[in-house]
Participant: 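Below is a structure I'd like to ask you about.
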Amino acid sequence: MSEQQTKTASTAITPTRAQDFPEWYQQVVRAAELAENSDVRGCMVIKPWGYGIWENMQRGLDAMFKQTGHKNAYFPLFIPLSYLEKEAAHVEGFAKECAVVTHHRLEIGADGKMRVAPSAELAEPLVVRPTSETIIGATYAKWVQSWRDLPILINQWANVVRWEMRPRVFLRTAEFLWQEGHTAHETEAEARAETMQMLRVYETFAREFLAVPVISGEKTESERFPGAVQTLCIEAMVQDRKAIQAGTSHFLGQNFSRASGIQFLSRDNKQEFAWTTSWGVSTRLIGTVIMAHADDDGMIVPPRIAPTHVVILPVTPKPDTRDAVLAAAENLRQQLSLVKFHNESLQVELDKRDLGGGVKNWEWIKKGVPVRIELGPRDLEKNSVALSRRDKGREKEFLPANQAVERIAEILQSIQDNLFARALALREQHTRDIDSTGEFYKFFTPLNKDKPELHGGFARAHWCGSAECEAKIKDDLKVTIRCIPFSEKDAPNENGACICGCGQPSTRRVIFAKSY
Ligand SMILES: [Zn+2]
């Protein structure tokens, strides 16, 4: 897009969010150079800017996992089919999306083409891990003999594969990156406390790093992780008012320890099964951040996960001032790099590429770098710079260069806080208590089917607890119970009647929404 065009174009991304949210999302991913679809259907190439965001998410989370006593380890990519079969609900839940390795060799066939060697069939097929409870459980069974071997508190950073028929980059891909924590405990109470602790870690991480407010709660039985006794989750609202499940923490009871044989001699000298948990977040968080914060000009990266916090854009229209501007820009880069933001050095990039100033500026707007600083010959004379915050549209603030350095950490925190406040305001604006079945159906039905304009949101409504009522709502409206919130402020305890219209009473509201 040329400078002239950008002056007249209303937005850098077309369509806009209001015109076509799903297409807008794809265009932001492309324009911000976050990722692209690969030749392998459903598998994405995560580009440096997107991967840089993921690395920062990893670092933030990893530190929190270690603070809560966990260590990292690594387990195999392949899971023997017989392991997966040990837990009936688990295998049933994942069966439809498993990639399976059946052979271990290729050969040249009679037609001269490479083929899978029929003689190289594996005795037992290997499933490419969709999640690792079973293989990790088999390992823990060997590690645990006595109550003294517990707890085991381990996390794994890995990739997993769940075959996707309708992939969407970052949100739903056949292969994705994630972390999976797997812990084993001596008592039920300890395992339940761990499950809750890790959900709170995710909640804090979403709020403080991603600037995404989330509702914490418990999943209903039908939305539970296959094989879990209890699934806890954090749910975010994104800008088309749908929900995204951003992280889950599962209390697995003794289901997986029975299946894998994680047994120990207790303090009373009895053989007992361990109590286990698992918890995970994935590259889906990048999709969540895009949908929560990006605008019609592209991505907006919250400063705490930004690969680059500040980009300096030297404006060098004339050769005779070029060297002086570049020298001042380099000096500014060095000064800014000494600043700490949340105890880490600021990442500052000086974009010296020989491109038009407008082109470069727009590239960085679309990538969503939190702060852009332009510096040209006239600024040099006045010893000032032009600073633009990505969260403040196209505004520029002119300030002395030394002030930019002094204030940068505070400006970044202000961006971080503003993004959170905006996301929270959007959620509050589109969250409603609904008590009538008619109103509920209206809330979740687009006014015009051909033009699916933004509608709906979070409905806080009563539910009697029956799976039939839940299924009816899902069939009719594609609306699900996102969670039964923990906090009274997210859903007050009060008496009411089931929103489904079954006539049964309910003692508390739950969060209903359409979701990704
Ligand atoms: Zn009901």
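Just follow the structure's listing: the first ligand is 1, and inside any ligand the first atom is 1. As the structure is a computational prediction, the values presented were derived from the model and not from experiment.
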Participant: Ignoring hydrogens and angles, write down the donor-acceptor pairs under 3.5 Å from the side chains of residues 457-468, residues two or more places apart or on other chains.
Facilitator:
{"unit_1": "R460", "atom_1": "NE", "unit_2": "D433", "atom_2": "OD1", "d": "2.6"}
{"unit_1": "R460", "atom_1": "NH1", "unit_2": "K489", "atom_2": "O", "d": "3.2"}
{"unit_1": "R460", "atom_1": "NH1", "unit_2": "D490", "atom_2": "O", "d": "3.0"}
{"unit_1": "R460", "atom_1": "NH2", "unit_2": "D433", "atom_2": "OD1", "d": "3.1"}
{"unit_1": "H462", "atom_1": "ND1", "unit_2": "S506", "atom_2": "OG", "d": "2.7"}
{"unit_1": "H462", "atom_1": "ND1", "unit_2": "R508", "atom_2": "O", "d": "3.4"}
{"unit_1": "W463", "atom_1": "NE1", "unit_2": "S466", "atom_2": "O", "d": "3.1"}
{"unit_1": "S466", "atom_1": "OG", "unit_2": "E468", "atom_2": "N", "d": "3.3"}
{"unit_1": "S466", "atom_1": "OG", "unit_2": "C469", "atom_2": "N", "d": "3.0"}

Participant: Could you pull out all residues at least two apart from F341 that satisfy ring-ring contact (aromatic ring centres under 6.0 Å, His included)?
Facilitator: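 ring-ring contact (aromatic ring centres under 6.0 Å, His included) list for F341, sorted by chain: H309.
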
Participant: Test of understanding: with side-chain hydrogen bond (donor to acceptor under 3.5 Å, both in side chains), list the residues that count as partners of E223, not counting sequence neighbours.
Facilitator: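 For E223 there are no side-chain hydrogen bond (donor to acceptor under 3.5 Å, both in side chains) partners, ignoring immediate neighbours.
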
Participant: Using the ring centroid of each side chain, check whether H90 and F225 are separated by less than 6.0 Å.
Facilitator: yes

Participant: Checking side chain to side chain contact (heavy atoms under 4.5 Å, CB included) against I244, which of L285, T288, V289 comes through?
Facilitator: T288

Participant: With 2.8 Å as the threshold, which protein atoms of type N, O or S lie near the Zn ion (ligand 1)? Leave waters out.
Facilitator: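 Within the sphere that stays under 2.8 Å of the Zn ion (ligand 1), the protein atoms of type N, O or S are C464 SG, C469 SG, C498 SG, C502 SG.
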
Participant: Can you classify the ring geometry of W24 versus F21 as parallel (below 30°), tilted (30 to 60°) or perpendicular (above 60°)?
Facilitator: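 Correct class here is tilted.
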
